[in-house]
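The structure appears below as structure tokens.
Numbering starts at 1 and runs along the sequence shown.
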Amino acid sequence: MDALADTFPDAAAVPVAAVDGRGTVTLWSPLAQRLLGYPADEIVGRPASGLLAAPLPASARTSLTRAARWSGVVPARHRDGTTVRIPVRACPGPDGDGGVGWLVLTAARDAPAAAREREVRPDGAAPLKEWAYLQSPIATSVYDSELRLVSVNDEMLGVAGHPEAEMLGMRLADIHPGPPFDAFGRMMAEAMRTGKPIRTDAFFRAPGEVRERAWASFFTPLKDPAGQVRGLALAALDHTEEYRARQRLVLVNEAGARIGTTLDVARTARELAEVTAGPFADFVAVDLFDSVLHGESEEGRADDPAGPAAVLRRVAARTALDEGPGADPGPAEAHRCPPHSPPARALASGRPSLHSGDDPGTRAWLSDTSAVPAAVRERGVGSVLAVPLSARGTTLGVATFVRATGTYDADDLLLASEIAARAGACVDNARRYAQERTAALTLQRSLLPSRLPDQGAVEVTSRYLPADAQAGIGGDWFDVIPLSGARVALVVGDVVGRGLQASAVMGRLRAAVRTLADLDLPPDELLTHLDDLVIQLAQGQGTKPSATVRETGATCLYVVYDPVTRRCAMARAGHPAPVVVLPDGAARSVHVPSGPPLGLGGLPFESFETELPEGSLLALYTNGLVEGRDHETGPGTVRLREILTDPPGSLERICDDVLDTLLPDRTVRPADDVALLLARTRALGDDRVRSWSLPADRATVADARKHASEQLTAWGLEELGFTTELVVSELVTNAIRHAHAPIRLRLIRDHASLICEVSDASSTSPRMRRARVFDEGGRGLLLVAQLTERWGTRFTPEGKTIWAEQPLAAAG
């Protein structure tokens, strides 16, 4: 064996013992005596196995069989009865008897601490140091310079899942192949190479554990006094509770940011499922009461799971298994929860509940194919959380969380309750908003014209689109108002604000416009009166004058078209200018002087008048049509003119083309209300209008009756002759008696009525009164009112015109 020692090439190691092929110690060095306390005369010639405190590792036994070198840690028995772990190298060689012997060596510079401690501290400090290492609650292991396992403490043995004898002398990747240990092996090599410690955090199931944990792993290079790396220590700290607490905090924060981003009930339910599926549950289902989805009130109903409000619908479902995220289920059939199922128990108690997958009620619920997807059932269900969604004392539905791997605990139940409480509040807000929006939309539609009136001045059609749920219902409106003399008024307006307040203001303004239009006021005067009304409304609500426009203001465009003269007068108060398309296809915006929005007061409005050829197209609209989320009003107006330049024949088709082009995605509501009113002008030619100038002489009355009778005969309306002659006689007589010349009679045959007009130069307005028994006059206007469908007075720059209409249906 001396020859074997002489030929051993490793100068950094010294022999401590030699063993022949029969396992007998043949050499025992002074260093060996220092390590284990035995003198040479007690050891030489005895079996080496008596010095072992534990069986040799499997790798060492394999090396003995193959006569191959081996290095590792050998647990040896000290003379005082303690165990000393000695890092050694075993080298095979001839033993002189024709067998294979072994030379056992250890590092010359690195005598084990146990031997040194016994020399320096004979008081027992070495055992304490070893016990501290072995009994530490932090899993720790030590590797040599070749990253072979030298030592493990008791905590690491429990984590590793293998006996120490099987692991000694092996690399980590050989002990635990696969992730994450292959990555750990690379980190160990880097720490050895750089001499710098490395930390990594990972969530995995250790071989000796039954569930996944969060581990903080520390790879610390071990250096000698000269600073040379001699080995590496691996410490693994279980911080699962801190990890889960941090994950819960992250989940709560994410739920706060992602749940309730819209005022949509179904969308809020989907956000709850999307946030919790994966980080918190393998499967999430959200079921809401049918009444919640329809916007009905749940007062006194939803808290009774046995009542009619217990009808549920699956609004959202999400899975996070290997099959990938599940799709939202879409509209589901109405269903009721089985009596003893987790959702039914949670609804009955009104409190969140935790259920085991082995519970009979849970198993019966899982057997329903519509309750849980097949992929979840095949994996097996470990635990179920059922949490009611409620707000303001009203139960809205239930959220169910299923964990296929692992189980929930009380902390998970608390976390689910916190997330569900936020989701319930958001669902309730969305439900209440939907109720208010429905009410506002119903009110607004009831205030808009259900159908456009029948009149002959223009051909009209309209479109109205309410804004999206986020913006809320606005106050846009439009109207078509028949006026005297076969004329028509076209109105489009937009009230500032959203919701019921805007709808109510819009209704009052529309009614006011109709009342003022009935007085036949010019457009600029009508807007002036309307401006005063808006100010009065604001003052009645206690709004400061400076905030009137911002809180109760409005914009308006008022247009009057006369088919007889083909003249069009218009004025606007802060509203977009109309677009006119001439019969030749030329489109332009009408440069109507822009007055201030309604509600400012003290500023004038100006009228603009132009002549429109028959067949011209007028487009009146609100800014929601041309002002989108991604562009201002200007580009939208240009695009509108381009669309109207070469319009199809029908107005309905034109409306559809405008909306399809400017609002291409009809599935998404516009950011603001959209009102569009299209009107194609008509004209009444000379064959439908006749007029006569009359002198201010009583004898003229007979001539007026004659002119009217002859014209009715020419029109084939002889049946209206008697009534018309009475009306003409009365109106002309009043003009001669109470007014000034010039006096003019005009008959207009509209598409549905016969209009009789008498104009004079007086600005005094006649009024109808009840004549006494002996009065000679005072019955004329009463007679006119009884014989005609409607009558009235309109003032002109030259005086006034009294008019009366008879339906042509009476002539049939």
Heavy-atom donor-acceptor pair, Ser650 side chain to Arg653 backbone, under 3.5 Å: yes

Determine whether the side chains of Glu730 and Asn734 contain a donor N or O and an acceptor N or O closer than 3.5 Å. yes

Inter-residue atom distance Lys800.NZ - Phe795.CZ, 0.5 Å rounding: 7.5 Å

Taking the side chain as every heavy atom from C-beta outward, state whether Leu625 and Val658 have any pair of such atoms under 4.5 Å apart. yes

Would Leu720 and Thr723 satisfy side-chain contact (heavy atoms from CB on, under 4.5 Å), going step by step from the backbone distance to the final call? CA-CA 6 Å; Leu720 297 179; Thr723 302; 5.7 Å; no

Looking just at side-chain N and O atoms, do Thr801 and Arg794 make a donor-acceptor pair shorter than 3.5 Å? no

Please round to the nearest 0.5 Å and tell me the distance separating atom CG of Leu808 and atom CG of Asp750. 7.5 Å

Could you check whether any side-chain N or O of Tyr558 sits under 3.5 Å from a backbone N or O of Pro522, counting only pairs where one atom can act as donor and the other as acceptor? no

Which residue, Arg744, Arg487, Arg746, forms the salt bridge (charged side-chain N to carboxylate O under 4.0 Å, His left out) with Glu757? Arg746

Quick one: pull up CG in Asp476 and CG in Leu676 and give me the separation to the nearest 0.5 Å. 11.5 Å

Under the criterion side-chain contact (heavy atoms from CB on, under 4.5 Å), which of Arg566, Arg682, Met570, Arg567 is the partner of Tyr561? Arg566

Under 3.5 Å, is there a donor on one side chain and an acceptor on the other for Tyr464 and Asp673? yes

Does the side chain of Arg639 reach to within under 4.5 Å of the side chain of Val626, using non-hydrogen atoms? no

State whether a side-chain donor-acceptor pair under 3.5 Å links Asp494 with Thr622. no

Side-chain heavy atoms of Arg463 within contact of Leu659, under 4.5 Å: yes

I'd like to know whether CD of Glu606 has more than 12 heavy-atom contacts from other residues, nucleotides or ligands below 6.0 angstrom. no

Determine, stepwise, if the pair Leu509 / Trp477 fulfils side-chain contact (heavy atoms from CB on, under 4.5 Å). CA-CA 9 Å; Leu509 292 183; Trp477 92 92; 4.1 Å; yes

Val480 vs Leu490, test: side-chain contact (heavy atoms from CB on, under 4.5 Å). Steps then yes/no. CA-CA 5 Å; Val480 178; Leu490 308 173; 4.1 Å; yes

For a quick test of reading the model, state the closest non-hydrogen atom pair linking Ala502 to Val495 and the distance between them. O-CG1, 4.0 Å

pair Pro593-Phe605: side-chain heavy atoms closer than 4.5 Å: no

Val460 to Gln455 - nearest heavy-atom pair and separation: CG2-NE2, 4.1 Å

Arg705 and Ser729 side chains, donor-acceptor separation under 3.5 Å: yes

Examine distances only and state if a side-chain atom of His740 and a backbone atom of Ala735 form a donor-acceptor pair shorter than 3.5 Å. no

Is there a donor in the side chain of Gln806 and an acceptor in the side chain of Ser753, or the other way round, less than 3.5 Å apart? no

Neighbour count >12 (heavy atoms, 6.0 Å) for atom CZ, Arg698: no

For residues Val727 and Ala804, report the shortest heavy-atom separation together with the two atoms involved. CG1-CB, 4.1 Å

Verify whether one side chain among Glu652 and Thr461 offers a donor that lies under 3.5 Å from an acceptor in the other. yes

Glu459 side, atom CD; Leu651 side, atom CG - distance, nearest 0.5 Å: 4.0 Å

Any non-hydrogen side-chain atom of Cys556 less than 4.5 Å from a side-chain atom of Val491? yes

For residues Arg641 and Ser589, is any side-chain donor paired with an opposing acceptor at under 3.5 Å? yes

Between Thr724 and Gly721 (side chain of the first, backbone of the second, donor and acceptor by atom type, cut-off under 3.5 Å), is there such a pair? no

Given side chains that start at C-beta, do those of Trp692 and Gln711 come closer than 4.5 Å, heavy atoms only? yes

In Å and rounded to the nearest 0.5 Å, what is the CG to CG distance from Asp518 to Leu483? 8.5 Å

Whether the side chain of Thr713 engages the backbone of Glu718 through a donor-acceptor N/O pair (distance < 3.5 Å, no angle test) should be reported. no

Between the main-chain N or O of Ser616 and the side-chain N or O of Thr681, is there a donor-acceptor pair closer than 3.5 Å? yes

Enclosure of Asp686 CG (heavy-atom neighbours >12, cutoff 6.0 Å): no

Would you say the side chain of Arg749 lies within less than 4.5 Å of the side chain of Leu684, judging by non-hydrogen atoms? no

Whether the His751 and Asp454 side chains hold a donor-acceptor pair (N or O, under 3.5 Å, no angle test) is what I'd like checked. yes

Nearest heavy-atom pair of Ala708 and Val728: which atoms, and what distance? CB-CG2, 4.0 Å

d(Leu530 CG, Ile535 CD1) to nearest 0.5 Å is 10.5 Å

Residue pair Leu533 / Ala512: nearest heavy atoms and the distance that separates them: CD2-CB, 3.1 Å

side-chain contact (heavy atoms from CB on, under 4.5 Å) between Arg588 and Val580, intermediate numbers included: CA-CA 6 Å; Arg588 60 182 177 87; Val580 61; 3.7 Å; yes

For Phe722, I'd like to know if atom CZ has over 12 heavy atoms of other residues, nucleotides or ligands within 6.0 Å. no

Nearest heavy-atom approach of Asp562 to Gly485 is OD1-O, 4.1 Å

For the pair Thr268 (side chain) and Asp264 (backbone), establish whether a donor and an acceptor sit closer than 3.5 Å, ignoring hydrogens and angles. yes

Just wondering, do Cys568 and Leu618 contact through their side chains at under 4.5 Å, heavy atoms? yes

